Amino acid sequence: MDEEFEILKKVIIEKIGFFPERYKERPLMRRIAVRMRHIKINSYLEYARLLERNIKEQDLLHKTLTINVSKFFRNYVTFRRIKEAVLPQLLREKEKRGGIIKIWCGGCATGEECYTIAMLLDEFLREKKSSVVFSVIGTDIDEDSLNTAQIGCYENKAFDETPEYFLKKYFKKDEKFCVLKKVKEKVKFVKLDIEEENMYLKELDLILFRNVLIYMKRTFQEKILLKIYNRLNERGFLVLGKVETLVGETKLLFTIVDSKERIFRKCRILKR
Ligand SMILES: C[S@@+](CC[C@H](N)C(=O)[O-])C[C@H]1O[C@@H](n2cnc3c(N)ncnc32)[C@H](O)[C@@H]1O
């Protein structure tokens with residue numbers, strides 16, 4: 001059984017470019033089981049053989065393994081706190097030293113989070129009558145999700161935490177709600193694995209890395225948090241998901257800005 005599961009993991013890496021060893025094993029097995037039950041296969045080996053030759057099943061398993069749920073203003077209070085505790089600091093810094101505000105949403109799924117932070121910042125800069133410029137980059141491994149993000153049109157269910165004000169101001173209503181061009185222009189989407197390097201992902205001022213670590217093993221979480229630290233500006237900010245936190249040595253790399261909303265700031269000197 002263990003041997004069969006190892007064979008299946010190899011096929012998953014080879015055929016769908018997904019690395020199972022990074023993720024928590026039980027939830028991963030549960031998600032694989034969903035597909036196996038669906039096509040009425042109960043041996044890992046048999047499923048591995050099918051997966052090797054069936055492109056449609058490769059797509060379906062990839063969809064099941066990468067959980068792509070997102071929505072605008074997900075955990076609304078977190079965004080309110082970003083506006084109160086993070087954006088004023090970023091603005092002060094840029095007005096003093098120049099340069100643009102650079103934001104990265106890692107594991108952005110269908111793009112709602114990237115557009116949310118772009119709208120929030122647009123609004124904030126307008127309120128402050130500031131001419132500081134910003135850019136947002138969203139990355140994910142799931143190409144279909146990124147295509148949806150690029151289109152930027154969403155069904156009602158993506159908005160149950162969105163204030164009416166933002167819905168009216170930043171969307172055009174057709175069959176769906178579509179993000180206005182002036183916001184879309186600020187956001188760029190790139191297909192990228194968390195571990196991969198990219199020329200845009202350096203000297204970042206704010207990283208939103210929400211609801212991605214939760215699926216990963218602790219050792220991999222630590223590795224990624226270290227990468228995040230290195231990609232941030234000297235005093236950049238990190239926001240994690242509501243049930244995520246810093247692990248191991250990475251606790252020494254950040255100070256807490258808001259423990260409830262999981263907002264952290266890069267330390268200048270390692271805390272000991
Ligand atoms: C639950 S969604 C989070 C969406 C958004 N951040 C939010 O909180 O609403 C998790 C996303 O992480 C992506 N993901 C998982 N493993 C990844 C990896 N190794 N590299 C890049 N993205 C990854 C998945 O494809 C999925 O779209």
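Any value given below was found using the heavy atoms of this structure, including those in side chains, with hydrogens, waters and symmetry copies removed. It should be emphasised that the depicted structure is a prediction, and the values quoted were computed from it without experimental measurement. One-based numbering, in listed order, for ligands and for the atoms of each.
The nearest heavy-atom contact from the protein to atom 20 (N) of ligand 1 is I194 N, 3.0 Å. Looking from atom 8 (O) of ligand 1 to the surrounding protein, the closest heavy atom is N211 ND2, 2.7 Å. Ranking protein heavy atoms by distance to atom 4 (C) of ligand 1, first place goes to G107 O, 3.2 Å. Regarding atom 9 (O) of ligand 1, its nearest protein heavy-atom neighbour is S70 OG, 2.6 Å. Distance from atom 25 (O) of ligand 1 to its nearest protein heavy atom, with residue and atom name: D140 OD1, 2.6 Å. At the top of the distance list for atom 23 (C) of ligand 1, counting protein heavy atoms only, stands I141 CG1, 3.4 Å.
Using a distance-only test at 3.5 Å, with no hydrogens or angles considered, a donor-acceptor pair links the side chain of Q58 to the main chain of L51. Side-chain atoms of D140 come within 3.5 Å of backbone atoms of D142 as a donor-acceptor pair (strictly under, hydrogens ignored).
If you number the atoms of ligand 1 from 1 as listed, the ones under 4.0 Å from a heavy atom of V212 come out as 12 (O). Proximity to A109 (heavy-atom distance under 4.0 Å) selects the following atoms of ligand 1: 4 (C), 27 (O). Annotation for ligand 1: atoms under 4.0 Å from non-hydrogen atoms of R22 are 19 (N).
A cation-pi arrangement is absent between K266 and F237 under the rule of less than 6.0 angstrom and at most 45 degrees off the ring axis. Figure legend: K186 and F134 shown as a cation-pi pair, the cationic atom lying under 6.0 angstrom from the six-membered ring centre and within 45 degrees of its axis.
The option from E143, K242, R74 that lies nearest to atom 7 (C) of ligand 1, judged by heavy atoms, is R74. Comparing L65, I67, T66 by heavy-atom distance to atom 26 (C) of ligand 1, the nearest is I67.
A salt bridge is defined here as a Lys NZ or Arg NE, NH1 or NH2 lying under 4.0 Å from an Asp or Glu carboxylate O, and E197 with K227 meets this definition. One finds a salt bridge joining K63 and D144 here, because a Lys/Arg side-chain nitrogen approaches an Asp/Glu carboxylate oxygen to under 4.0 Å.
Between R210 and ligand 1, at least one N/O pair is under 3.5 Å apart. Of the polar atoms of N68, at least one N or O is found under 3.5 Å from an N or O of ligand 1, judged by distance alone. An N or O contact shorter than 3.5 Å links E113 to ligand 1 by distance.
Counting only residues at least two apart or on different chains, the salt bridge (Lys or Arg N to Asp or Glu O under 4.0 Å) pairs with a member in residues 28-47 are R35-E57.
When non-hydrogen atoms are compared, ligand 1 lies under 4.0 Å from neither the backbone nor the side chain of F220. Contacts of L192 with ligand 1, taken as heavy-atom pairs under 4.0 Å, involve the backbone alone. Contacts with ligand 1 closer than 4.0 Å are made by no heavy atom of E195, backbone or side chain.
F124 pairs by the ring-ring contact (aromatic ring centres under 6.0 Å, His included) definition with nothing, not counting sequence neighbours.
Within a 6.0 Å radius of NZ in K10, other residues, nucleotides and ligands contribute 12 heavy atoms or fewer.
Here the options are R210, E261, K242, the test is side chain to side chain donor-acceptor pair (under 3.5 Å), and the partner is N75; only R210 passes.
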| message | Please determine whether disulfide (SG to SG under 2.5 Å) holds for the pair C105 and C114, giving the CA-CA distance in whole Å, both sets of side-chain angles, and the decisive distance to 0.1 Å. | response | CA-CA 6 Å; C105 299; C114 302; 3.6 Å; no
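Proximity of the aromatic rings of F189 and Y115 is defined here by a centroid distance below 6.0 angstrom, and this criterion is met.
The closest approach between Y23 and ligand 1 falls below 4.0 Å for a heavy atom of the residue. Using a 4.0 angstrom heavy-atom cutoff, T110 does not count as in contact with ligand 1.
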